[in-house]
Amino acid sequence: MAQTKFDKQVEETAESLMFGIGRFLAGRPMDGVKRTDATFWRSGTRVLPKVEGRVTRSSYRAGWKRLTFRISALAAVGAGGYQAGWVHQDATVATAQEIWADPDPAITALEQTGIAAASTAAVGTAAYLALTRKRRELMREWVIPLHEALALPLRLPEQTDPRRYLHIPRNFSEDDAVIRVDVPGRLDFSKDLVADIITTKLALEGVTFSWHLAGRETYVTVKKTRKPPAKAAFKDPKVREMVAAAKESAPIIGIGSAGRIVSVDLDAESPHILVNASTGGGKSATLRCIACQMLHHGSLVFVLDTKRISHPWAHGIDGVTYCRDIADIHDQLIELGQLGRLRTRIADELGIDADPKAIGPRVLILLEEINATMKQLARYWEKTRESGDPKVSPAVDALNEILYMGRQLRMHVLLVAQSATARALGGPEVREQFATRILARYSVNAWRMLAPEVHPAPKSTKHHGRAQVVIGGSARETQVLFFTETEAREWATTGKKAADGPQPAALPTQPGPVQLQKPPTPETQPAAAPADFLTHAWSTTAAAPDPALTPAVDLGDATPAATSPAAPAPAPVDDDQAVGLREAHEHHLPDITLAALRYARANDPTFPDWVGKRGTELLYRVGDLKRWARNRPRAASGTTDLD
C-alpha cells in the first residue's frame with residue numbers, strides 16, 4: 001500500500017520531535033547546528049571554522065549548563081501554569097463581573113503596575129550599566145583591539161567572541177595580574193608574533209610568557225615580572241651578609257626580582273662570563289663586583305686593560321697583575337696559555353679523584369674592551385713577528401685555548417665588550433664559550449646576537465646598575481651589586497690569600513720563561529722550603545724563584561715547549577743589567593724624573609724589588625723597571641681603537 005503525503009508528514013514530525021527531545025536532553029543547540037567547540041562538560045572557547053552568522057552567548061555554554069537551564073525553565077513554567085489553573089477557574093467569572101461593573105480600580109492598578117515595572121527596569125538598567133562600566137571600557141579599549149590583532153595570526157573565525165578566549169582582568173597592568181589567552185590546538189601560528197602583539201596592544205613591559213601547548217587545552221599565560229630593588233649597595237648590611245655567605249665558586253652578580261640572589265657558579269654552570277654594554281652601562285662596576293669577591297676567596301686576578309685606568313682600586317693588591325701596555329698584555333696572555341697547558345698536565349697526573357683545589361688557586365682574567373684589544377694585539381703582532389712566525393697572534397691563540405679549556409683547570413675569563421660580535425671575539429664558536437652573558441643598555445641587534453633564545457627581548461633601561469643576566473636560556477633582570485672602589489679594595493684585601501691554599505705548581509713568573517713545578521707526592525716529599533717560598537711561588541710580580549728551591553718536573557719525552565731547549569730566547573742582556581735609580585733615569589727611563597722614581601719606590605706597591613746592592617745603593621733590573629714604567633697608572637691618551 002502506497003504511503004500517503006499525510007503519513008510522510010507524520011513520520012517527519014515524529015522524527016523531528018525525537019531529535020528535538022534528544023538535543024534537549026543532551027544540552028545541544030535545538031537547531032542541531034554546532035557553532036563552537038563546547039562539549040557537554042566543557043565550555044567553548046572559539047567558533048568552529050566555516051560557521052556563518054551570529055553566534056549567541058549560549059552557544060559557548062557547556063551542555064550540562066544548557067540542560068540545567070532548560071529543565072529549570074520548564075519546571076517553573078509548569079508549576080506556574082498549574083497554580084494559575086486552579087485560581088483561574090474560581091476567579092474568572094467574579095473578576096470579569098467586577099471589572100465590567102467598575103473599571104476604574106482595574107485601570108488604576110494597571111497604571112501602578114506599569115509604573116512599578118518601568119521603574120524597576122530603569123533602576124536595574126542603571127545599576128547594570130554602572131556595575132559593568134569598567135568591564136565595557138576594558139572590552140572597548142583593550143580586549144576588542146587585541147582580538148582584532150590576533151584574529152589573523154591565530155586564524156580565528158570572524159564570529160569568535162573575544163570574551164571566550166581572551167581572559168584579561170581589569171587590573172591587568174598591576175604586578176600580580178595574570179593574563180590568559182587560549183590558542184588553537186593546531187599550533188600553526190608564530191609564538192613570537194603572538195607574544196609581540198600581546199605586548200604591544202596591551203602596552204606591557206617586563207612580562208614573561210608561559211606556553212602550555214601539550215594536551216587538549218592550549219593556552220599562554222602572561223605575568224608581569226617583579227622588578228629588582230632600585231639599588232643594591234654593598235654597604236647595606238643585608239647585602240654584605242649575602243656576599244659573605246656566597247660560595248667561593250659562585251660570586252654574586254646582583255639581586256633579581258622578589259629579592260632573589262643572582263649568581264653564576266663558575267664550576268657548575270659557566271666557567272666564563274661575557275659583559276656586553278654600551279658606554280655608561282656599568283661594565284667596570286660589574287667587573288669590580290665579581291673580581292673583588294674572587295680576590296676575597298684567594299683567587300689570582302689578571303687585569304688586561306688597554307684603557308689603563310678602568311680599575312684603579314686593584315692597583316698594588318696582592319694577587320693582582322695589572323697589564324696596561326699592549327706588549328705586556330700580549331706576553332701575559334701567552335704565559336697564561338702556558339699555565340693552562342701546565343695545569344692540564346697536572347690534572348692528568350693527579351687523576352679523577354683528586355681535590356679540584358689541588359690544581360692551584362682559581363685564576364680570573366679580566367679582559368677589558370675586547371673590541372679595541374683584539375685589534376691592538378693583531379697590529380702589535382704584525383709589527384713584531386718575524387719570517388716563519390704564524391700570521392695569527394700567539395696571544396689570541398692562547399686566549400682561545402683558555403676559553404676552550406674545561407672548568408676543571410679553574411681558569412676563568414671575564415670579557416668586556418661594547419659590541420661582542422663574532423668577528424671581534426674571533427668567531428662564533430668562541431662566543432659560544434660564554435654560557436653566562438650580562439647585557440646592559442643593549443640594542444635590539446645586540447640582544448638578537450647574544451640572546452636569541454630569549455624572546456621577546458626585554459626592554460632596555462637606563463636605570464643605573466640594571467642589567468639582564470642570561471643563563472641557561474633564560475634572562476633575569478638584575479640590579480648589579482655596587483662596590484665603591486674603597487669597598488672593593490677593602491673586601492679584596494681582607495679575605496684569604498692565594499698562598500694560603502694548596503701549592504701544587506708555581507705560576508709563570510714575570511719576566512722569564514714559565515717555571516714548571518710538580519706537586520709533591522706522598523712518596524717523595526721535597527725538602528722544607530723557606531717561609532717566603534710560597535709567596536714567590538704564587539706571586540706573578542715577584543722575581544723568579546731560586547732554582548734550588550723549585551723541584552723540577554720529570555715530564556719525559558712530552559716536555560712542553562715552554563721548558564724545552566727550543567724555548568724563546570731570553571731577554572736582551574741590556575734588560576738584565578742591574579742599575580741604580582739615577583743610572584736608570586739617565587740611560588733607560590729619561591721620561592721619568594729621578595724624584596718620581598724615588599717616590600714610586602717608597603709609595604708604589606708595584607714598584608719592582610731590588611736585586612742587589614752597590615755599596616749602599618740599591619740596584620734594580622732594567623727589564624723590571626721598563627715593565628713597571630709601561631704599566632704604571634696614568635690617564636689614557638687618545639683612543640683605544642687603533643683606527
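FYI, side chains are in, hydrogens and waters are out, and symmetry mates aren't considered; it's all heavy atoms of this structure.
The distance from the CG atom of D328 to the NZ atom of K626 is 12.5 Å, given to the nearest 0.5 Å. Atom OH in Y380 sits 14.5 Å away from atom OG1 in T373 (nearest 0.5 Å). In this structure, CE in M374 is found 8.5 Å from CG in L415, a value given to the nearest 0.5 Å. One finds the CZ atom of R476 at 9.5 Å from the CZ atom of R260 (value rounded to the nearest 0.5 Å). Between L333 atom CG and Q338 atom CD the span is 11.5 Å, to the nearest 0.5 Å. Between the CD1 atom in I329 and the CD1 atom in I334 there is a gap of 12.5 Å [rounded to 0.5 Å].
Counting only heavy atoms from C-beta outward, the side chains of T208 and V222 never approach each other to under 4.5 Å. Here the side chains of T478 and P228 are not in contact, with every heavy-atom distance at 4.5 Å or above. Considering only heavy atoms from C-beta on, H272 stays 4.5 Å or farther from L414 through its side chain. The shortest distance between side-chain heavy atoms of M139 and P162 falls below 4.5 Å. At least one side-chain heavy atom of L450 sits less than 4.5 Å from a side-chain heavy atom of L274. Under the 4.5 Å side-chain criterion, counting only non-hydrogen atoms from C-beta, V320 is in contact with L295. The shortest side-chain heavy-atom distance between E369 and Q418 falls under the 4.5 Å cut-off. W447 has its side chain within reach of V470: a pair of non-hydrogen atoms, C-beta onward, lies under 4.5 Å apart.
Using modelled atom types and a 3.5 Å distance limit, the side chains of Y219 and H167 yield no donor-acceptor pair. Counted by atom type alone, D604 and T606 present one or more donor-acceptor pairs between their side chains at under 3.5 Å. In this model, a donor atom of one side chain and an acceptor atom of the other lie less than 3.5 Å apart for H412 and R362. Between the side chains of Y442 and N276, no donor-acceptor pair of N or O atoms lies under 3.5 Å.
Side-chain atoms of R489 come within 3.5 Å of backbone N or O of H315 as a donor-acceptor pair. The backbone N or O of M294 sits less than 3.5 Å from a side-chain atom of S299, completing a donor-acceptor pair. A distance-only check finds a donor-acceptor pair linking the side chain of R288 to the backbone of F483 [under 3.5 Å]. Put simply, the side chain of R180 never gets that close to the backbone of L166: no donor and acceptor are under 3.5 Å apart. Side-chain atoms of T218 never come within 3.5 Å of backbone atoms of L213 as a donor-acceptor pair (strictly under, hydrogens ignored). In terms of modelled atom types and a separation under 3.5 Å, the side chain of N171 and the main chain of E174 share no donor-acceptor contact.
Under the 4.0 Å criterion applied to side-chain N and carboxylate O atoms, E490 and R240 are assigned as salt-bridge partners. The pair R466-E477 counts as a salt bridge, with a side-chain nitrogen and a carboxylate oxygen less than 4.0 angstrom apart. Contact check on E137 versus R170 returns no salt bridge, with no Lys/Arg side-chain nitrogen under 4.0 Å from an Asp/Glu carboxylate oxygen. Ion pair E432/R437 flagged as a salt bridge, since at least one NZ, NE, NH1 or NH2 atom sits closer than 4.0 Å to an Asp/Glu carboxylate oxygen. Between D196 and K191, no side-chain nitrogen of the basic residue sits less than 4.0 Å from a carboxylate oxygen of the acidic one, so the salt-bridge criterion is not met.
Applying the salt bridge (charged side-chain N to carboxylate O under 4.0 Å, His left out) test to residues at least two apart or on different chains, the pairs with a partner in residues 442-461 are E205-K459.
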When you look at F482 and H464, which way does the ring-ring contact (aromatic ring centres under 6.0 Å, His included) test go after all the steps? CA-CA 10 Å; F482 179 74; H464 290 294; 9.9 Å; no
Check against salt bridge (Lys or Arg N to Asp or Glu O under 4.0 Å), E368 and K283: CA-CA 9 Å; E368 277 277 1; K283 299 186 293 293; over 6 Å; no
Kindly indicate, with the supporting measurements, whether the criterion ring-ring contact (aromatic ring centres under 6.0 Å, His included) is fulfilled by W142 and F172. CA-CA 10 Å; W142 302 102; F172 70 89; 5.4 Å; yes
Between R627 and C323, does a side chain to side chain contact (heavy atoms under 4.5 Å, CB included) hold up when you go through it step by step? CA-CA 9 Å; R627 184 183 182 88; C323 297; 4.0 Å; yes
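Within 6.0 Å of NE2 in H463 there are more than 12 heavy atoms belonging to other residues, nucleotides or ligands. No more than 12 heavy atoms of other residues, nucleotides or ligands shown are found within 6.0 angstrom of NZ on K201.
In this structure, W211 and F209 have parallel ring planes: the angle between them is below the 30° cut-off, well short of the 60° mark.
Judged by a 6.0 Å distance limit and a 45° cone about the ring axis, R431 is not positioned over the six-membered ring of F434.
Here W491 and F234 bring their ring centres to under 6.0 angstrom of each other.
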